[in-house]
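Computed over heavy atoms, backbone and side chain alike; hydrogens, waters and symmetry mates excluded. Below, chain A is the first sequence line, B the second, and so on; all start at residue 1.
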Amino acid sequence: MSVLAIAEHRRGELRDVSFELATAGRELADATDGDLHLAVIGGEVGEFADRLDREGVDVVHTVDEGEEFNHDVYTQAVAALYDEVEPDVLLMPNSVNGLDYAPAVANRLSLPLVTDAIDIESDGVLSVTREKYGSKVETVVEVDADRAAVTVRPGEWPPAEGTNGADVREFDAEIDESAVRSTVTGFQEVGGGDVDITEAEVLVSVGRGIEEEENIALVEALADTLDATLSSSRPIVDNGWLPKNRQVGQSGKQVTPEVYIAIGISGAVQHVAGMKGAETIVAINTDPNAPIYDLADYGIVDDLFDVVPALIEAFGGEPPEV
Amino acid sequence: MKILIAVTEVAEVEDDFEIDGLAVAEQYLDYDLNEWDDYAIEAGVQLQEAGEDVEVVSVTIGPERSEETIRMGLAKGVDRAIRVWDDALEGEGQLGVETKADILAAVAEDEDPDLVLAGVQSNDDAFGATGVSLADEIGFEWAAVVNDLDLEPGGDVASVHRELEGGVEELTDVELPAVLTIQTGINEPRYASLRGIRQAQSKEIAPEDLADIGLDASVTESPITLTQLYEPETESDATVFEGSPDEEADQLADLLRDKGVVEG
Ligand SMILES: Cc1cc2nc3c(=O)[nH]c(=O)nc-3n(C[C@H](O)[C@H](O)[C@H](O)COP(=O)(O)OP(=O)(O)OC[C@H]3O[C@@H](n4cnc5c(N)ncnc54)[C@H](O)[C@@H]3O)c2cc1C
């Protein structure tokens, strides 16, 4: 089974998921003694190709089109390369940019698409494991087709290492410029401001379990008591209850404190992406099946409105009325 | 200007649940408006309020039960709604991306909108692919994971921010007609007012079956089959503190003292 995987880069850097895709692709190709093709589109493709030449990669295709990601270019380039390589499986990252071109490529090539894979196997039939209902259940889907497209969740496969001497091939995708109807005009950093949660040693982090804006005072009081920094999951920021620079997660900040106390946070994959590197993780959540407990070192399965005031009192503080 | 909003009803699983075959048993499911779609509705209604002659239409693939969810959109200012359902879709469990895109494309071709808004993903299946598949299917331009939208009603270019990973946003100009998939936080979704809720009762929800939109049951055919659904083996090796809240808090306090988080 031959595999074509598409690398990802941004602002001159290959992103980790590129090397993870190489591992996932190699596993699949191995299942049937096939070839692994990796492709990189845009930017310093020559330099990228050198770095993508890791163990298990047979061919690196470079497509020298543009500096940064543009989905119109990517969609055309991947489709053209697909026709050239004719792989059985097309792998793309389930990143924000992956979400912006993979469905279009699959549609254009009439390939069945399965997104956000956390495991892929093949014994002739491709079966893909993915999650449903916010990680509460896992599902396996089988793809009964000769060819398929799959997007791969970042962080699930170890990155491919080493060097290999892969065949590097330049590919001219012959981009139709009239079909490029979107223009990337720049980038913007968000979430600067007063506090840098990435520097904190102890984070008290609050999620949707807190229910109301007024109740934030309760976790703020706990953070004060512990001399910790307050952070949060995304809905708290979406609601405007805390500023963007407090958001932990995929689209927020990546943090590595010594202690991370997750209060009323379910542990959705995009949140976990930002905090799994914490040394000690404590969860306070009423739901014993919440995915945060897969990560937590310590847990209290109880109502935060009972536990947090008691915790403040345990340190001699006075909890605010909420 | 016409704006079409893809609105879906999602199932949420209760804390304790059981699995029945290849699905979570029905009694443990609660249905609600998809979180991301709430923001898409707000984005559409804001454009409608900013311009004259802007019509906002919602489209939902869902059984009759989903009308309750559809009415929430109507109560927030959506002008009218289309609901597509068919016996052929019944019992399909999880509809494939292709099937959804084909159905929405058929509706979009009838309605001929200038702009289509959809949520980034639905929070049950979390495929995250419907909006962009639809765009490609109908030849519209698109942008995924939009958390800022600047568009004059009637304008022909949408300036958007796409929220990338790690606190970086991409600034992109997208030619209309386009499909945008909307990220939470782009705006503040309104609550439906009592007046809105009353008005919603008299707004139209047009039920359509596959034949009405020029499709047949073959649209549901998919090479993708769900073969297993299970609770993931818990990887949890967390030490769970037990007792009353006070006792639990005391144990955690001891731990935090041991770790040197707090002195004394
Ligand atoms: C492209 C993309 C990017 C994203 N980026 C991020 C990101 O950077 N960061 C992020 O956090 N999310 C991100 N998300 C959103 C993510 O998918 C989740 O929606 C979000 O993390 C959920 O936040 P939560 O855990 O606070 O809320 P929920 O998932 O609603 O969880 C609330 C939890 O509180 C518990 N609870 C309720 N009441 C109580 C109580 N009284 N006491 C104790 N516990 C209680 C519940 O059991 C539940 O587990 C992103 C999503 C997408 C699609």
* What residue, out of A:G186, A:P112, A:S135, A:A145, has the most heavy-atom pairs lying under 4.5 Å from chain B? -> A:G186

* To do: Please state whether the side chain, the backbone, both or neither of A:V282 comes within less than 4.5 Å of a heavy atom of chain B.
  => side chain

* What part of A:T129 is in contact with chain B, defined as an atom under 4.5 angstrom from a non-hydrogen atom: side chain, backbone, both or neither? -> side chain

* To do: Below 4.5 Å from any heavy atom of chain A, which atoms of B:E35 appear? Answer side chain, backbone, both or neither.
  => side chain

* To do: Examine whether an atom of A:D297 lies under 4.5 Å from a heavy atom of chain B, and if so say whether it belongs to the side chain, the backbone or both; otherwise answer neither.
  => backbone

* Below 4.5 Å from any heavy atom of chain B, which atoms of A:N97 appear? Answer side chain, backbone, both or neither. => both

* Structure fact -> The interface call for A:L295 against chain B, heavy-atom contacts under 4.5 Å, is neither

* Is the cationic atom of A:R130 (NZ for Lys, CZ for Arg) positioned less than 6.0 Å from the six-membered ring centroid of B:F127 and within 45 degrees of its normal? -> yes

* **Heavy-atom proximity to chain B below 4.5 Å, by part of A:Q250** => both

* Look only at the side chain of A:R10 and the backbone of B:E165, and say whether a donor-acceptor pair between them is shorter than 3.5 Å. => yes

* Between A:V259 and chain B, which part of the residue has a heavy atom less than 4.5 Å away: side chain, backbone, both or neither? -> side chain

* Structure fact -> Under 4.5 Å to a heavy atom of chain A? For B:V145 that would be side chain

